[in-house]
2 protein chains.
Amino acid sequence: MYFWGSVTEVTTKSRTFGHFCVLATALERLGDRWTLLVVRDLVAGPRRFTDLSERLAGITPKTLTQRLRDLEDHGLVEADRVRGRRDVWYRLTPAGQDLQPMLDELVYWGMRHALRPWEPGEPAHPEHLLWALRIMLEREGIEIGPVSWVVRFIDDGTYVLRNDDDGWTVAPDGVDNPDVVVTTTRDAWARFLTSRPSERAVDERDLHCSGSRTAVNAFLRAIAVFPFGRTRARQP
Amino acid sequence: MYFWGSVTEVTTKSRTFGHFCVLATALERLGDRWTLLVVRDLVAGPRRFTDLSERLAGITPKTLTQRLRDLEDHGLVEADRVRGRRDVWYRLTPAGQDLQPMLDELVYWGMRHALRPWEPGEPAHPEHLLWALRIMLEREGIEIGPVSWVVRFIDDGTYVLRNDDDGWTVAPDGVDNPDVVVTTTRDAWARFLTSRPSERAVDERDLHCSGSRTAVNAFLRAIAVFPFGRTRARQP
DNA sequence: CTGGATCCATGATGATACTG
DNA sequence: CAGTATCATCATGGATCCAG
């Protein structure tokens, strides 16, 4: 007798496609609702259960637990449980990190074919928007020499978007003498990025850019790669 | 019966994540069960409903209809309906075709982290296996000059795997003077590819390779990139 | 407070049969 | 060939509760 999964055997019983096809098998492990979004939020680094809960707005704790257990069972996620410490840190294994190229492709596809306008009140996490922005800068071949832009969120952390020999990268905080500093809120940043590039002002409600005029203009020209969000027409 | 919406309105109501994140939006359109497998089977070219039913073994007609309608609504699939002709041909739009790089990455990930042994009786469609093989040849940088290998399935069609200036490609049939011709069945081909490379014989049950000894050896060396399928251990 | 577990409701999917 | 119709089941969401 062989028990796979925890005591709650029912919850770990995932449905299979029954095809001998590696794509089908991959989707059996990744295709459940929320699963790839959990990976998305672990790509940037280890997170606690509540960190994930906040980024995965709308997920129920039950479902988050299930997804983390499934990912652990399949060797994509490891949990760091330290005796005597309350919090559990979840992190991707190397197999989990290997999903990043696929997720990058999916983000790139989405930016071209699944972008929609931001709706006020809709959770817009800086990490998610900066990921998309980085992909577009990378894929559209924007090369403007060594540059670093800091985006400081009043209601969240600080991130730096940098272009250097490694291409475009997003990291938390920590850079000296950035070329541009944007101070804003999550919502204002979302509104800013999803407005028409020609209408993006460097000083609007809850958003301010500082830096030399040249640097700020270079910033605005570059982020024009973030396309104006249109809704796809649906056929009735 | 029609009230203020068509009957299909219910089926197109997809659940959303409610995040302003392009990855979440992309998954709202692609993340339903079977959806990406439908795309998989349309990437190689237009297919009829029953063609898809056969490749998507286990899908119910109702679900296949739903998925095709959803994909049509989102502009990834177009249906070719000709008056007076019974059959409907489904094909990817450009937006649908743009999914191929992402699917290639997912196949590559799966070959490294989600491969499992073939189980006798499990449907193994040539197109799916040849896709995976092509990806591995490509990603592992196998370069052996202009070469073409034909794989002829007694219980299916004939495919040619070719390496030339465009890299590795898979196409149906149609090549003169192939370097190797493999004649086999779906099941034998699956068994062959998932056995240890060192144990692959050029003349086993339901599988025969013809061609010069040199060419056949080059073939065998190259397809060693298809790794022996192991099962991932699961933590009890 | 974090990190879950439990109960119930419901919508999505599956099985099977049937039809224009 | 290309789907519908009907019924059953399972995964997920919402709300609530609980232990360290």
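These numbers come from the heavy atoms of this one structure, side chains and all, not from hydrogens, waters or symmetry mates. All figures in this text were calculated on a predicted structure; none of them were measured in a lab. Chain A is the first sequence line, chain B the second, and so forth, proteins listed ahead of strands; every chain is numbered from 1.
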Tell me whether the NZ or CZ atom of B:Arg47 lies within the 45° cone about the ring axis of B:Tyr90 and under 6.0 Å from its centre. no
Would you say a side-chain N or O of B:Tyr90 is under 4.0 Å from OP1 or OP2 of D:dG3? yes
Could you work out which one of D:dC1, C:dG3, D:dT12 sits closest to the side chain of A:Asp32? D:dT12
When you check every protein heavy atom under 4.0 Å of nucleotides 15-20 of chain C, what one-letter string (B, S, -) results, 5' to 3'? B----B
Over how many whole Å does the gap from A:Arg69 atom CZ to D:dT12 atom C1' extend? 18 Å
Lys NZ or Arg CZ of A:Arg15 over A:Phe17 ring: under 6.0 Å, within 45°: no
Can you measure A:Arg81 atom CZ to C:dT2 atom C1' for me and round it to whole angstrom units? 13 Å
Can you tell me how far C1' of D:dT12 sits from CG of A:Leu56, to the nearest Å? 15 Å
Angle between ring planes, A:Tyr159 versus A:His125, binned at 30° and 60°: parallel, tilted or perpendicular? perpendicular
Would you kindly give the CZ-to-P distance between B:Arg33 and C:dG14, to the nearest whole Å? 5 Å
Using whole Å, what does the distance between atom C1' of nucleotide D:dT12 and atom CD of B:Glu28 come to? 15 Å
With sequence neighbours excluded, tell me which residues meet side-chain hydrogen bond (donor to acceptor under 3.5 Å, both in side chains) with B:Thr169. none
Is any NZ, NE, NH1 or NH2 atom of the basic residue among A:Glu105 and A:Arg139 found under 4.0 Å from an Asp or Glu carboxylate oxygen of the other? yes
Which part of the nucleic acid, if any, lies within contact of B:Arg85, taking any heavy atom under 4.0 Å across all strands shown: a base, the sugar-phosphate backbone alone, or nothing? nothing
Evaluate the ring planes of B:His19 and A:His128, with Trp represented by its six-membered ring, and classify them as parallel (under 30°), tilted (30 to 60°) or perpendicular (over 60°). parallel
Would you say B:Thr63 places a side-chain N or O within less than 4.0 Å of OP1 or OP2 belonging to C:dG14? yes
Measure the distance from CG on B:Asp51 to P on D:dG3 and round it to the nearest whole Å. 12 Å
Rounded to whole angstrom units, what separation is found between the CZ atom of A:Arg48 and the P atom of C:dG4? 13 Å
Testing C:dT13, D:dA2, D:dG13 for proximity to the side chain of B:Arg15, the answer is D:dG13
A:Phe17 or A:Asp87: which one's nearest nucleotide on DNA chain C is closer to the 5' end? A:Asp87
Closest to side chain of A:Thr65, choosing from C:dG4, C:dG3, C:dT13: C:dG4
Classify the angle between the aromatic ring planes of B:Trp189 and B:Phe153 as parallel (below 30°), tilted (30 to 60°) or perpendicular (above 60°). perpendicular
Rounded off to whole Å, could you give me the CG-to-C1' distance for the A:Leu64 and C:dA5 pair? 13 Å
Just call it for A:Arg67: base, sugar-phosphate, or nothing, with non-hydrogen atoms closer than 4.0 Å on any strand. sugar-phosphate
Do the side-chain N or O atoms of A:Trp34 get closer than 4.0 angstrom to the phosphate oxygens (OP1, OP2) of D:dG13? yes
